[in-house]
Protein chains: 2
Amino acid sequence: MLAIGAVASRTGIKIPTIRFYEQEGLIEAPARTDSGRRLYSDEDVRRLSFIRHARDLGFELDDIRSLLDLSDQPDRTCADVDQIARLHLSEVEARIERLRALKRELTRIVSSCAGGRTAECRIIEALADHGRCETPTHDGRERKAKRSSARAPKRK
Amino acid sequence: MLAIGAVASRTGIKIPTIRFYEQEGLIEAPARTDSGRRLYSDEDVRRLSFIRHARDLGFELDDIRSLLDLSDQPDRTCADVDQIARLHLSEVEARIERLRALKRELTRIVSSCAGGRTAECRIIEALADHGRCETPTHDGRERKAKRSSARAPKRK
DNA sequence: TCTACATTCTCTAGTCACTAGAGGATCAAG
DNA sequence: CTTGATCCTCTAGTGACTAGAGAATGTAGA
């Protein structure tokens, strides 16, 4: 049985995040010491590693909840699991496409800058004038990912 | 002078979002009617269109704040504008790369599914077993975009 | 003029997946 | 016995909005 800190370093999930997953019902409340500290079994660690990996692959917690439920029922067919994964894959593909359109547009805008004063800045103009662009993502569009990661180097 | 609804349909920004931008200081508090309804000038509409377009291109509100500040100072050099845009472009490129790695890994996992029971499901296995994958985004990783869009069709 | 209905107002709370911090208890080593 | 590490619970903050309550105002037709 491991304390939460050991589980954190083993799975790569931060301590508050582990507690958060418990609160969200992704893992069951673990055993406790007499003083109330959490104690995790190997099975708990496996489950957390599963969650971690699935999160790395971009699955939402709801997807992961479903995947965990399914894997707890070994006699069901694999079809539902497959469907969740395929759906997610197609979402990732769609996201890539949107980002690529966005990149094309941004590249076009950036390359139009010839230096000079902001008064005649092409970038500002391009941003102000939606009509002149190929409106890459005007509906169903990509917005910025909020935070890169837990462990990504952070510039404050 | 236009009411907020007219501005919303002209710019494609939703009414609550326009009020939100005002609250965030991206636009100044507009004129009001005697009864307190907001009235927008053409200049306000232009500024909002600028914001909208920049958001479509994935700039964060902080970036947009900077871009608006810069465009309000027509005698500065374009360099800062250029830098913001280039930085954003490189972030978009990095994001595409991370997503592509993720897509490769997901494709690999999905294609390993041969049907059958979840007990021997390769997808579940692949998710459980991080060691066996190419750990595409283990640090500095991509996480899912939270909400696709304002106007994207929503499945409840 | 009355009545509907649309539009607008302010305010609060919810979304997602965490992260940060306060303020306190417990543990292990020297 | 003290120090520092680890742990506990709880609340609030992040980004960029969205949703809803409850109330006031505007407008068009009968």
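Throughout, a chain's letter reflects where its sequence line sits, starting with A, and its residues are numbered from 1.
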Ranking B:T33 and B:D62 by the position along DNA chain D of their nearest nucleotide, the one closer to 5' is B:D62

Does any donor atom in the side chain of B:S41 or B:D44 lie under 3.5 Å from an acceptor atom in the other side chain? yes

Among [options], the one nearest [X] by side-chain distance:
X	options	value
A:I15	C:dC18, C:dC9, D:dC7	D:dC7
A:R55	D:dC17, C:dC18, D:dC7	C:dC18
A:L61	C:dA17, D:dC7, D:dC17	C:dA17

Any donor-acceptor pair, under 3.5 Å, between the side chain of B:R37 and the base of C:dT7, if you only look at N and O atoms? yes

Heavy-atom donor-acceptor pair, B:R38 side-chain to C:dT8 base, under 3.5 Å: no

Please answer whether the main-chain N or O of B:Q73 pairs with a side-chain N or O of A:T118 as donor and acceptor at a distance below 3.5 Å. yes

Neighbour count above 12 (heavy atom, 6.0 Å) for B:E28 CD: no

Check the hydrophobic clustering (I, L, V, M, F, W, Y; side-chain heavy atoms under 4.5 Å; chains of links allowed) and say if B:V45 and B:I64 are grouped together. yes

Verify the contact: side-chain N or O of A:R52 to OP1 or OP2 of C:dC18, cut-off strictly under 4.0 Å; return yes or no. no

Any B:S35 side-chain nitrogen or oxygen under 4.0 Å from OP1 or OP2 of D:dG26: yes

More 5' along DNA chain C: A:R19 or B:Q23, using each one's nearest nucleotide? B:Q23

